[in-house]
Amino acid sequence: DLWQAKVTYRADAVVITTNGYVRNDGAAVMGRGCALEAKSIYPGIEYQLGRRIRIYGNVVHIFLSEALISFPVKHHWREKADPSLITRSVGQLVAAVNITYGKNAVIVMPRPGCGNGQLNWNDVKPLIELGLDDRFIICHLEGK
């Protein structure tokens, strides 16, 4: 899993896939997959992310104290993942990691959009492989 990979690879941060939907109470919807796991590990992260989405939009967000990075793959939690959003998020992720963690960073992440996003890895891999370098370790999660 991502959290074990963080330990195994001594990663600087974990990427979680997210969507851009914020509930009326201000919480980002983080009801499945690695986002749900992050919500249980970091109580209140859904409100932090929700606040940032409302202010800055559905973009990559870094939570330094949690060593956590949100990676938008959906606009709404009910939708399938959006390949163009994934492509945009890759560019934002690389730029944010360059600034925040530098060239020697180690970042673990799931296959974006391939779990609850319902995309096929063979379709997603070409979208991300040119943008990501060897700092990014893609984890294949069971059942995905």
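Nothing fancy with the numbering, it's 1 onward along the sequence. Remember, it's a predicted structure, so these values are computed and weren't measured experimentally. Values below: every heavy atom of this structure, side chains too, minus hydrogens, waters and symmetry copies.
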Inset, instruction - Tell me, with the steps shown, if Glu66 and Val14 meet side chain to side chain contact (heavy atoms under 4.5 Å, CB included). - result: CA-CA 9 Å; Glu66 292 85 2; Val14 172; over 6 Å; no
Legend entry - Closest non-hydrogen atom pair, Ser84 against Asp82: OG-OD1, 2.8 Å
Inset, instruction - Return the minimal non-hydrogen interatomic distance between Pro83 and Ala81, and the atom names on each side. - result: CD-O, 3.5 Å
Inset, instruction - Taking all heavy atoms of His61 and all of Leu49, pick out the closest pair and write down the distance. - result: CD2-CD1, 3.7 Å
Legend entry - Summary of salt bridge (Lys or Arg N to Asp or Glu O under 4.0 Å) pairs that have at least one residue in residues 20-36, sequence neighbours excluded: Arg23-Asp25
Legend entry - ILVMFWY network linking Val29 to Ile45, side-chain heavy atoms under 4.5 angstrom: no
Legend entry - Residues clustered with Leu36, ILVMFWY side-chain links under 4.5 angstrom: none
Inset, instruction - Establish whether Ile137 and Ile16 are linked, either directly or via other cluster members, by ILVMFWY side-chain heavy-atom contacts under 4.5 Å. - result: yes
Legend entry - Flag, side chain of Lys39 to backbone of Glu46, donor-acceptor distance under 3.5 Å: no
Inset, instruction - Calculate, to the nearest 0.5 Å, the distance between atoms NZ and CZ belonging to Lys103 and Arg135 respectively. - result: 10.5 Å
Legend entry - Residue pair Asn116 / Gly33: nearest heavy atoms and the distance that separates them: ND2-N, 3.3 Å
Inset, instruction - Could you tell me whether the side chain of Asp12 and the main chain of Val106 form a donor-acceptor pair under 3.5 Å? - result: yes
Inset, instruction - Supply the members, apart from Val94, of the Ile/Leu/Val/Met/Phe/Trp/Tyr cluster built from side-chain contacts under 4.5 Å; use none for a lone residue. - result: Val15, Val60, Ile62, Leu64, Ile69, Phe71, Val73, Ile86, Val90, Leu93, Val97, Tyr101, Ile107, Met109, Leu119, Trp121, Val124, Leu127, Ile128, Leu132, Phe136, Ile138
Inset, instruction - Indicate if Leu2 and Phe63 have the same hydrophobic cluster label, given that clusters are the connected sets of ILVMFWY residues with side-chain heavy-atom separations under 4.5 angstrom. - result: yes
Inset, instruction - Can you measure from OG1 (Thr17) to CE (Met30) and round to the nearest 0.5 angstrom? - result: 9.0 Å
Inset, instruction - Determine the minimum heavy-atom distance between Lys74 and Glu79, stating which atoms define it. - result: CE-O, 3.0 Å
Inset, instruction - Hey, can you tell me if Tyr42 and Trp3 have their rings parallel, tilted or perpendicular (30° and 60° cut-offs)? - result: perpendicular
Inset, instruction - Report yes if the side chains of His75 and Leu85 come closer than 4.5 Å at any heavy-atom pair, otherwise no. - result: yes
Inset, instruction - Quick one: pull up CD in Gln48 and OG in Ser65 and give me the separation to the nearest 0.5 Å. - result: 6.5 Å
Inset, instruction - Kindly give the heavy-atom pair with the smallest separation between Cys34 and Pro110, and that separation in Å. - result: SG-CG, 3.9 Å
